[in-house]
Asks: 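Before anything else, here's the structure in question.
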Amino acid sequence: MASRTPSATSSAPARGDRPERTGRSARPGTPEPAGEAGGAGEAGGTGKAVEPGKAGRPRRRLSVDERREQLIAVALELFSHRPPEEVSIDDIAAAAGASRPLVYHYFPGKQAIYEESLRRAGRELAARFEEPADGPLSERLHRVMGRYLDFVQSHGPGFAALLRGGSVTASTNTSAVIDEVRRAAHEQILGHLALPSPSPGLRLTVRAWIANAEITSLEWLADRSVPLEELQLHLVQEFVASLTLTAAREPALAAELAGFFAGERPDGPTGQLVRDLAGLLAVPGLADTLAVLAVPPAPEEPRERL
């Protein structure tokens, strides 16, 4: 997936944020500040239990791990729908039904909770490339890209900010997250090809296709003018076309390609692609033009030496 590598940048804190606290983040076994553990289950974050009969029974206190997980989940939801620089600690606290000091009890600042949320999202995205090696190759990739695009659609602003590297929250840690996703995707795709020793050219082809999927997804997020299902099919067919072009230059891969195509079905992505390409030959004049280009040039006659 091709994008500029985000670099750490400094800027004024986002609305409602403040500089890093001197206190440490909460660790397992560290109690929450008095009056904060109940969050939304307590009255106004004061630590006073809601009286029975007025607002229902008070909720149980969350453990340290449960509270941390809740804050990460809430932050990820906010970052998924708004650019990271537009989300503040106050926003996260309000969405979690907690107070601002409680969020700072677990995380030293917004950057820390953003990076932790991003790691969670990265693991989820990488897992979406996992697919059983059953059935035609293009149909497997079609299912993978369906899950990938579902993620892109549901995490739009955060996905765009991460890949474009323009967010004020970009850092070497955020770069490492997306690089890990790219590596996972690369290895999963090569695994589906099931070649004992993928050539450097094939590895480059897979990396280039992953980069193209990223760029195309970002463009789709900007206008959504193409139906998601059409984009899903388009990306898979681009991979098949790229694989075929690479095989034209690598005899060993070309020998394997026959096996790939033999496993495909007429109603699958590859079958549709072959029919579309064959249909081009019916365009007036195109077949004759392509036939001329297919003829190898005549070898040059040696020049006489003077």
Asks: Looking at Glu85 and Lys110, is there a salt bridge between them, counting it only when a charged N and a carboxylate O are closer than 4.0 Å?
Replies: no

Asks: Strictly distance-based, threshold 3.5 Å: is any side-chain N or O of Trp209 a donor or acceptor partner for the main-chain N or O of Leu235?
Replies: yes

Asks: Considering non-hydrogen atoms only, spot the tightest contact between Ser80 and His155 and give its length.
Replies: OG-CD2, 2.8 Å

Asks: Between CG of Asp179 and NE2 of His186, what distance do you get to the nearest 0.5 Å?
Replies: 13.0 Å

Asks: Please determine whether salt bridge (Lys or Arg N to Asp or Glu O under 4.0 Å) holds for the pair Arg120 and Glu69, giving the CA-CA distance in whole Å, both sets of side-chain angles, and the decisive distance to 0.1 Å.
Replies: CA-CA 10 Å; Arg120 177 75 53 82; Glu69 289 298 307; 2.9 Å; yes

Asks: Would you give the length of the straight line joining atom CD1 of Ile72 to atom CD of Glu77, rounded to the nearest 0.5 angstrom?
Replies: 14.5 Å

Asks: Going from NE2 on His142 to CD on Gln237, what distance comes out if it is rounded to the nearest 0.5 angstrom?
Replies: 8.5 Å

Asks: Look only at the side chain of Glu256 and the backbone of Leu195, and say whether a donor-acceptor pair between them is shorter than 3.5 Å.
Replies: no

Asks: Between Glu131 and Arg143, is the closest basic N to carboxylate O distance under 4.0 Å?
Replies: yes

Asks: Is Arg128 salt-bridged to Asp150, cutoff N-O under 4.0 Å?
Replies: no

Asks: Applying the side-chain contact (heavy atoms from CB on, under 4.5 Å) criterion to Val240, which one of Leu137, Leu257, Leu273 satisfies it?
Replies: Leu273

Asks: Roughly how far apart are Thr216 OG1 and Glu238 CD, rounded to 0.5 Å?
Replies: 6.0 Å

Asks: Looking at Glu180 and Gly122, would you say the former's side chain and the latter's main chain have a donor-acceptor pair under 3.5 Å?
Replies: no

